[in-house]
Amino acid sequence: EPEVTQTPSHQVTQMGQEVILRCVPISNHLYFYWYRQILGQKVEFLVSFYNNEISEKSEIFDDQFSVERPDGSNFTLKIRSTKLEDSAMYFCASSFPRGAGTDTQYFGPGTRLTVL
Amino acid sequence: AQKVTQAQTEISVVEKEDVTLDCVYETRDTTYYLFWYKQPPSGELVFLIRRNSFDEQNEISGRYSWNFQKSTSSFNFTITASQVVDSAVYFCALSEAGGNNNDMRFGAGTRLTVKP
């Protein structure tokens, strides 16, 4: 069964450093998402991406964040200058566009980001 | 704005007991989608069910059942004859159909512990 994959599973970085989290969505999906979950808290929406541009973003997704689909398979989340409060689990998800039969979002296993 | 409330922070039951996890939502859209995800201790988010606002039919899948009631804006989840492997955090989520928005808003989650 196709699945969303994410690398790395755990990333440790120093405050102020740039990190790139990588995701490979399900191959025939067209919508891509990033969510984050601070330890012990709820899952929060960051950004959705469709047709090579941001579809929607939350207030969390400030100028420190960017997303990119550099090729036909990867979808990346970049944090330019990490802060301690960026420490969280970051989930990638993908789905079909609404109206194509289903828009269920399937999640990857997550990348745990630890900022020291 | 969409909002999901899971009032039960933690529930503890003994194996074989039935347990119901509550979810109440708020939305201005007439078309929307409701989801339940399971997050086991390993951390991934496992899709359980998707329900659209036009389909109030309750659903049963093995030991799992869902009760969707638009009149009370609730989408409750019942596990029958619970097992230790059901121990996880369960998230209810809402996605509105308006515009291009595909983001999901999650509730705070309910941590279910099933004791042997």
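Just so it is clear, the model here is predicted, and its values are computed rather than measured.
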message = Less than 4.5 Å to any heavy atom of chain A: does that hold for the side chain of B/Gln39, its backbone, both, or neither?
response =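 Contact with chain A is through the side chain of B/Gln39 alone.
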Toward chain A, the part of B/Arg111 with a non-hydrogen atom under 4.5 Å =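 Nothing of B/Arg111, per the 4.5 Å heavy-atom cut-off to chain A.
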Sequence-distant partners of B/Ser65, side-chain contact (heavy atoms from CB on, under 4.5 Å), two or more places apart =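 Testing B/Ser65 for side-chain contact (heavy atoms from CB on, under 4.5 Å), a comparison that skips the adjacent residues, returns B/Ile60, B/Thr78.
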[X], [Y]: one ILVMFWY side-chain cluster at the under-4.5 Å cut-off?
| X | Y | value |
| --- | --- | --- |
| A/Val4 | A/Val24 | no |
| A/Val12 | A/Ile38 | no |
| B/Tyr90 | B/Val24 | no |
| A/Ile79 | A/Met89 | no |
| A/Tyr50 | A/Tyr35 | yes |

Heavy atoms only: give me the nearest [X]-[Y] pair and the separation to one decimal.
| X | Y | answer |
| --- | --- | --- |
| B/Phe91 | A/Gln37 | CZ-NE2, 3.3 Å |
| B/Arg105 | A/Phe45 | NH2-CD2, 4.1 Å |
| A/Thr104 | B/Tyr37 | CG2-OH, 4.3 Å |

inquiry  = Using a 4.5 Å heavy-atom cutoff, which residues in residues 7-18 of chain B come close to chain A?
reply    =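 Those residues of residues 7-18 of chain B which would need a heavy atom under 4.5 Å from chain A do not exist here.
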ask   = Are A/Phe107 and B/Phe47 near enough that their ring centres are under 6.0 Å apart?
value = no
[X] atom [atom1]: more than 12 heavy-atom contacts under 6.0 Å:
| X | atom1 | answer |
| --- | --- | --- |
| A/Lys57 | NZ | no |
| B/Lys70 | NZ | yes |
| A/Asp63 | CG | no |

